Structure formats: structure tokens, C-alpha cells
Amino acid sequence: MIRSKDPNIKTSIFAVMSKTAKEYNAVNLSQGFPDFGVSEDLISLVNKYMKAGFNQYAPMPGVPVLREKIAEKIQKLYNYKYNPETEITVTAGGTQALHSTISTIINEGDEAIIFEPAYDSYAPVVRLNGGRPVYVRLKYPDYAVDWDAVNQMINSKTRLIIINSPQNPSGKVFSEEDMLNLIRIVSGTKILILSDEVYEHIIFDGKTHNSIAKYPELAERSILVFSFGKVYHATGWKLGYFIAPEKITEEIRKIHQFTVFAANTPIQYAIAEYLNREDEYLKLPEFYQKKRDFFNAMLRDIGFDVIPAGGTYFQTVNFSNLTDETDFQLAERLIKKFGVAAIPMSSFYHNEENTKTLRFCFAKKDEVLEQAAEKLGNFYIQAKKQLDLFKKPENH
Ligand SMILES: Cc1ncc(COP(=O)(O)O)c(C=O)c1O
């Protein structure tokens, strides 16, 4: 028999919801992937490199031309120069970069601070390596960070602070003030920072992304994680990278080389060439903001209160004024009775806190968003009717 490394790990909520959505033929706004195509030009480039014979192992840290292009991009956007030879490593998606990083840094008894609601892959890897996730809750409704609370959590065991901006699932974007607070909190300590920046280009309302790379005093103790899946609507290609100072990179590469050894070759070459087209990623904020606004306008027309996401392709909606159900119960009923799938926000909290909030992915074609809104409209009408039935008649 196998002794489970972590009996708490269940099948991911994304897999569960997507499977149920399929069974009930529901519009699937649960799992976070775009339903629009990858650029034909980029596909042709992958094809070109495959046909030209770039089909064998890439160098362990990634093909040099891609690492050079990444270094150029980071310098242009965030004004920090990383060495492509020693500080940039291409991985099989952001997930592998996160896994290799946490596995390198966390040892038995170490603590890692995680902001909740949180993307679901951090805590299990901390635990797998004998560490303890320590949770700090972002404050609803704007998911603000309580930096005094963070300060109080810090002790001699704190090894890592994991941040994610723009944040999945809340859509929160770290402000300049947040970053300055982070500097204040870690200065004089040996704490490292893991900064998950996979949504760096999906940020709205004229804000710019506060990458760790903009803050040299943070960059020198940080590992930054990125994903081409999010940038090029190609989540299935599983290509990403991490960036960190040389000494930290050296250690993470030791784990990386025995996890995948190297990421796939032809896509690395194709993306290296495609990165010359800066407009392809610089246009993403506008592209996704249009989607967010289109979806939110329909939700508001129906009657929902919506606080627009500051970034990512996720929108959260609170249902507490419409139903007494838990978010999990509501998510199930929405799929089975109304034909639309979302993720209950409770799944992003370690204690499955009932937030009465759902997360919708709006990286979908407009007609799919319209179908989802229509179904949510049906739910809203029924929920309101139900509430009216239980309302006390006045003057009686
Ligand atoms: C916050 C966050 N980090 C990392 C990842 C994983 O990136 P990848 O698909 O490149 O493995 C995701 C994917 O949804 C994400 O939302």
C-alpha cells in the first residue's frame, strides 16, 4: 500500500467543475483557460522549427535565444537587468517553476506566508517539503493586504512570502504602497519572496504591473514566475520561466533538471522569435478589459453587484443577498439547474471558508459570455422570486 504524502489533497476543483460542466452541458466559466485560438503566425513558427529539426532536448535552462529575449523584455518593461545565462530558466509552465522553487527553498519546519484566497498550487508543495503554510487573509471586498497582520506572522521560521499580482482568484493588483510595505517587512531578514507574475499583462484601468523586478531591494531576494500560456492564449503548451539571482537560480536548477530536465524545444524557439512582436503582449490589457467590461455590464443589467477585477481574467461575484446556500452548493446548483459553471471561492481558502462568492473566467468568446449571462439572469429572477415569497408583507 502507498502511504499518502498529503492525504488532504483532493482532485483539483477545476477538474471537478469542468467535468460536471461537461456532464450537464453547462457553459464553462470555471477553469481558467481562454477559448479563443492561438495566433496562426505563432503556430506557423512552431511548425517551422519542428520541420527544421529542432525536436531534441533543449539545454537544461532553456534555449539561449529565448532567455536573451526574456532578459530584454524584463529590462524594457521593468528596468532590471537579469543575466540570461545564470538568472533565467525556462520551465514546463508556471506550475513547474512554482513547484521547483518551493521545493528548493522550503525545508522541514520552514514557514511560508500565503495570502488567501490563494491559487491552489502553493500550499500543497510547501507541505510536501515538510513546511507549514501560514495564511494571511486578504480583506473583502477589495482584497486589501493587512501588512500589520503579515508583520505579526513573521518569526525565525519564516522562509518565504508568496505573492501573486495580479492575483488569481481575487483580481487584486498590488499597489506601489503594497510593494513598499513588503520592502519594509522583509528588510533586515533572510526571508525570500516568490512572486507569481503569470498575469503581468492582464491588468486594467490604466494601472501598470508592479513587478518585483522594479524594486532592486526585493529583486535580490526574489524568484519571479511567468507563463507564456497566459500571454499567448496557449495554456496547453505548458511553457513558462522563472527568474532569480544567480545563487538562488543555481539551487532551483538542481531540482528543475531532475523534474523535467528541459522544456520542449520547438515552442521555445518559436516564442523567442514571436517575442519580437511586442504589440502581441502590450495589447492584452485592452483586449481583456473589453471582455471584463462586456461581461460585467451584462451582470449589472441583470442586477448583480459587481466590483470589477483589477487584473487577471477572473471576475468574482458575491451572492450573499440572493441565497443562503454555501458557494459550493450554489456552484453545483448553477451547473445542474441553470447550465453555467463557476468556481466557489471557498476552494481558495485552506479552511474552505464559505465566502458566498463565485469566480467566473471571462477569457471566453463574447457569445459564450452572453450565454452565461443569460443563464445567470434566469438564476437571478428565480432567486429574487424566492426572496419575495419569504418577505413579510408590509402593513399586516
Ligand atoms: C496564479 C497562477 N499561477 C500559476 C499558474 C500556472 O501557470 P501554467 O499554466 O503556466 O502552469 C496559474 C494558472 O492558472 C495561475 O493562475
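Both counts, for ligands and for their atoms, begin at 1 and track the order of listing. If you're wondering where the values come from, they're calculated on a predicted model, not measured in any experiment.
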Answer yes or no: are there more than 12 heavy-atom neighbours, outside N276 itself, under 6.0 Å from its atom CG?
-> yes
Work out whether the distance between some heavy atom of K238 and some atom of ligand 1 is less than 4.0 Å.
-> yes
So, T312 versus N168: side-chain donor-acceptor pair below 3.5 Å or not?
-> no
Centroid-to-centroid, F362 to F360, below 6.0 Å?
-> no
With a 4.0 Å cut-off on heavy atoms, does V198 reach ligand 1?
-> yes
Check: H209 ring centroid to Y78 ring centroid under 6.0 Å = yes
K290 to F295, cation-pi by 6.0 Å centre distance and 45° axis angle = no
N/O separation below 3.5 Å, G32 to ligand 1 = no
Flag T95 as yes when one of its N or O atoms lies below 3.5 Å from any N or O atom of ligand 1, and as no otherwise.
-> yes
Nearest non-hydrogen contact to atom 3 (N) of ligand 1 from the set L98, D196, T91 belongs to D196
Nearest-neighbour protein heavy atom for atom 14 (O) of ligand 1, which is reported as residue plus atom name and distance | K230 NZ, 2.7 Å
For ligand 1, which atoms sit closer than 4.0 Å to a heavy atom of G93?
-> 10 (O), 11 (O)
May I ask you to identify the nearest protein heavy atom to atom 8 (P) of ligand 1, giving residue, atom name and distance to one decimal place in Å?
-> G94 N, 3.4 Å
Any non-hydrogen atom of Q167 lying under 4.0 Å from ligand 1?
-> no
Hey, which atoms in ligand 1 end up nearer than 4.0 Å to a heavy atom of N164?
-> 1 (C)
Evaluating non-hydrogen atoms only, which member of F228, Y199, F314 is closest to atom 16 (O) of ligand 1?
-> Y199
Does any donor atom in the side chain of E246 or T249 lie under 3.5 Å from an acceptor atom in the other side chain?
-> no
Looking only at side chains, do S30 and N28 share a donor and an acceptor under 3.5 Å apart?
-> yes
Within a radius of less than 6.0 Å around NZ of K73, do more than 12 heavy atoms belonging to other residues, nucleotides or ligands occur?
-> yes
Identify the protein heavy atom lying closest to atom 5 (C) of ligand 1, giving its residue, its atom name and the separation to 0.1 Å.
-> Y119 OH, 3.4 Å
